[in-house]
Every structure is written in structure tokens, then in C-alpha cells.
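Reading through the C-alpha cells given below for one structure.
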Amino acid sequence: MLCKIAVSNWVANKMANTSVCAVGFVPVTPKTSGYGDLSMPASRLHCDPAPKLRFNGLSVSQVRIPSHHRLSCLAEINPSSATMATLEGGSDDSDVVPIPKVAIDQDSDPNATVVEVTFGDRLGALLDTMGALRDLGLNVVKANVFLDSSGKHNTFSITRADTGRKVDDPEALEQIRLTIINNLLKYHPESSAQLAMGEAFGIVPPKEKPDVDISTRIHIYDDGPNRSLLSIETADRPGLLVEIVKTLSDISVAVESGEFDTEGLLAKAKFHVSYRGSALIKPLQQVVANSLRYFLRRPTTEESSF
């Protein structure tokens, strides 16, 4: 009988101690940040609303970006954000870092600029990216996410807030591209080694940079009687989109629409171009190819171009 009482007292003491521990425990909810954190202010990249300006007939002065706009979005990279990827809804289990991709499409939607961002399956809802785009004077009118074998694809349909129309200014398109890459570097620092901008603004520079002479490919195809299709693949660098359009405008070639993709360290572009309302004849195609090769083989773009 005494033995049973002693056992009962021992159990009661254990339960009492456990109860004290349970009362003293205060659960702590981790503070999330990154793309999925609505409380975090979006990245600041001030961009004055530009007048409606299409690719057609751009002059050198029209596409020059003011000095106070130069890559301000890339000035604040937070290396301590290395753990953010696990808090924003994406997966970070694989040791193999996927190639980040940012595609700007001017052809698929007549009323909006379509932007697609892919980084394997590591991206969340990209709420901070949408906030940063709004800070540029843009509206995200539609956002979609779809999955395929290459990972998760986040797409945005973007219009200008002042006009409600698609973005057709090359300066503004380059600002969009750099803003998205800035957020990738900030919230997914592991992407730094896979992006050309990671060399200057990331925590880990690319191990190998593509040789410009080897990586540069330029092709021009007939695309009907009124325009040609210009295809460019080259090493990426800041200000590249604006400089390509400026180089073409210097030889009176109009860029009507197209697509500009950033795939890791490479930039790939397809532009519909024309000369005085007609497709480019063979001699002019050679002039365009030579002019672009000369520009793209320069070590860096001029500072004033971005």
C-alpha cells in the first residue's frame, strides 16, 4: 500500500513539473520577410513617370537615363537575407542553384507588358517585387503562377499607372529588369553567382564570365515585307537594353516591339525592326550586325547609359 502511494506521489510531482514548464513556454512566431512579407516596405527605386515613348524613332538623347536614376535599386543588397528564401514560400532544398531568368515580353499582350520570373522552385509570391514595380509608377494588372519541369514561373502583366497602357519606353523597361534582378539578389542571395549583376552587387560573384566574342550571336531574318526579326544573344550587363536600342537608333533602324530575356549571365533579345517602314535589306542587315558587334564587344557600357 505504501509502495502504491509513493508511486502516485512521484507521478503527481512529474505532472506538476511538466505543467510548470508548459505554462512557462511562450511560442515565438518567426518574423517573415522577403517576397511574402507585406509589412516590409518595397525596395525604393525612384523613377519619374516618362512621357509615352515608343521604340520607334528614338534618338540618343531620348533614351539617356538621368544620373539620379542610375541603378539606385541595386545600391541596397542585404547579405543577411540568406535565410529569407525558406520563409517566402519557395523551396531551397537542392544544392544545385538553378539559373534565374527574367523575360520581358512586348508581343504576347497588346495592352500590357508581360514579365516572367523563374528561379527553379525557389520563388514565393513575389509581393515585394510587385511593390517595387508600383514604386516605378506601374500597375500590376494581372499575376499568374504556373509550374512545369523547369520550375515555378511567376508572370506579371504590367501597365503604366498614368496612362493604363503597356510600357514602351526602353529606359523604363530596363528599370523594370534591374528592379527584378535587384530583388532576386536581395531575397535569394544564392542567385548572385548566376547573374552578371552579382559581380558588383551580390555577395558571391560569378565564378566564370562568358567570353563576349564567343557568346555573342546576331541573326536577322525576314519577317514580312514591312519588318525584320533581329535576334541577339550576348553577355549580360547593366544598361544593355537601352544601349542596344540607342545603337540601332543611331543608324535609323526602328525597334517596334520584341522580347528581352535575362538567363543567368546571358541576355537574349528578339526585336521586330524596320527601316523607314520596310524590312531591312541585306546590306543594311550587315551594317546592323557590325554595329551591334562593335558595341557589344566593348568591355562595359557607358556610365551615363544606366
Side-chain angles (χ1 to χ4, degrees), residues 52-63 99 101-116 118 148 150 153 155 157-159 165-174 176-177 196 210-237 239-298 301 305:
K52 183 179 179 182
L53 181 63
R54 298 188 178 277
F55 281 124
N56 250 334
L58 292 181
S59 67
V60 174
S61 60
Q62 285 176 305
V63 297
I99 296 177
K101 298 179 181 180
V102 179
I104 299 178
D105 181 6
Q106 292 286 76
D107 287 335
S108 60
D109 190 333
N111 300 313
T113 298
V114 179
V115 178
E116 180 179 313
T118 308
D148 61 15
S150 63
H153 300 256
T155 62
S157 295
I158 301 171
T159 60
R165 298 182 178 180
K166 69 190 304 178
V167 183
D168 47 26
D169 176 11
E171 175 187 328
L173 292 172
E174 182 70 349
I176 291 171
R177 187 175 80 98
D211 185 285
V212 175
D213 290 334
I214 297 175
S215 61
T216 298
R217 298 180 178 88
I218 300 172
H219 302 284
I220 303 175
Y221 309 95
D222 292 333
D223 191 26
N226 299 324
R227 64 182 188 179
S228 301
L229 180 63
L230 170 62
S231 174
I232 304 171
E233 179 176 331
T234 189
D236 190 26
R237 63 198 194 207
L240 184 61
L241 172 58
V242 175
E243 291 287 356
I244 289 176
V245 174
K246 185 166 68 172
T247 299
L248 294 172
S249 70
D250 286 345
I251 53 178
S252 302
V253 173
V255 179
E256 299 175 1
S257 64
E259 179 177 339
F260 192 91
D261 300 348
T262 305
E263 295 188 11
L265 301 175
L266 296 177
K268 300 179 180 181
K270 291 183 179 180
F271 296 128
H272 297 291
V273 297
S274 64
Y275 177 73
R276 296 181 178 178
S278 301
L280 307 187
I281 60 175
K282 293 298 181 181
L284 184 55
Q285 291 181 12
Q286 191 62 49
V287 171
V288 169
N290 291 341
S291 299
L292 288 172
R293 285 195 181 93
Y294 172 78
F295 155 69
L296 294 171
R297 286 173 179 170
R298 293 189 303 181
T301 55
S305 67

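The line from CD of Gln285 to CG of Leu280 is 5.5 Å long, rounded to the nearest 0.5 Å. Taken from OG in Ser157 to CG in Asp109, the straight-line distance is 5.5 Å, to the nearest 0.5 Å. Once rounded to the nearest 0.5 Å, the distance linking CG of Asp169 with CD of Glu174 reads 11.0 Å. Note that the CG atom of Asp211 and the CZ atom of Arg297 stand 9.5 Å from one another [nearest 0.5 Å]. The CD atom of Glu243 sits 11.5 Å away from atom CG of Leu292, with the distance rounded to the nearest 0.5 Å. Here Ser215 contributes atom OG and Arg217 contributes atom CZ; the two are 7.5 Å apart, rounded to the nearest 0.5 Å.
Two residues are said to be in side-chain contact when any heavy atoms from C-beta on lie closer than 4.5 Å; Leu266 and Asp236 fail this criterion. By the 4.5 Å heavy-atom criterion applied to side chains, Val287 and Pro283 are not counted as neighbours. Counting heavy atoms from C-beta on, the side chains of Phe260 and Leu240 come closer than 4.5 Å. By the 4.5 Å heavy-atom criterion applied to side chains, Ile218 and Leu230 are counted as neighbours. By the 4.5 Å heavy-atom criterion applied to side chains, Glu116 and Asp105 are not counted as neighbours. Side-chain contact between Leu248 and Tyr275 is absent, with no heavy atoms from C-beta onward closer than 4.5 Å. Using a 4.5 Å cut-off on side-chain heavy atoms (C-beta onward), Arg177 and Leu173 make no contact.
In terms of heavy-atom proximity, Val114 sits nearest to Ser108 at CG2-OG, 3.7 Å. Residues Arg227 and Ser257 approach most closely at NH1-OG, 4.4 Å, considering heavy atoms. The shortest non-hydrogen separation linking Pro170 to Leu241 is O-CD2, 4.0 Å. Of all heavy-atom pairs between Ser228 and Asp222, the closest is OG-OD1, 4.5 Å. Taking both residues in full, the closest heavy atoms of Ser274 and Asn226 are given as CB-O, 3.4 Å, listed atom of the first, atom of the second, then distance. Smallest separation of non-hydrogen atoms from Ile99 and Gly264: CG2-N, 3.5 Å.
Between the side chains of Glu256 and His272, no donor N or O sits under 3.5 Å from an acceptor N or O. Under 3.5 Å, the side chains of Thr113 and Gln106 contain a donor-acceptor pair of N or O atoms.
Sorted pairs that involve residues 277-287 and meet salt bridge (Lys or Arg N to Asp or Glu O under 4.0 Å), not counting sequence neighbours, are lacking altogether.
Lys270 has no carboxylate O lying under 4.0 Å from a charged side-chain N of Asp223, or vice versa, which leaves the two without a salt bridge.
Under the 3.5 Å distance criterion, the side-chain polar atoms of Arg276 are left unmatched by any main-chain donor or acceptor of Ser252.
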Before you tell me yes or no, could you show the steps for Ile244 and Val255 under side-chain contact (heavy atoms from CB on, under 4.5 Å), namely the whole-Å CA-CA distance, both residues' side-chain angles and the distance that decides it to 0.1 Å? CA-CA 10 Å; Ile244 289 176; Val255 179; over 6 Å; no
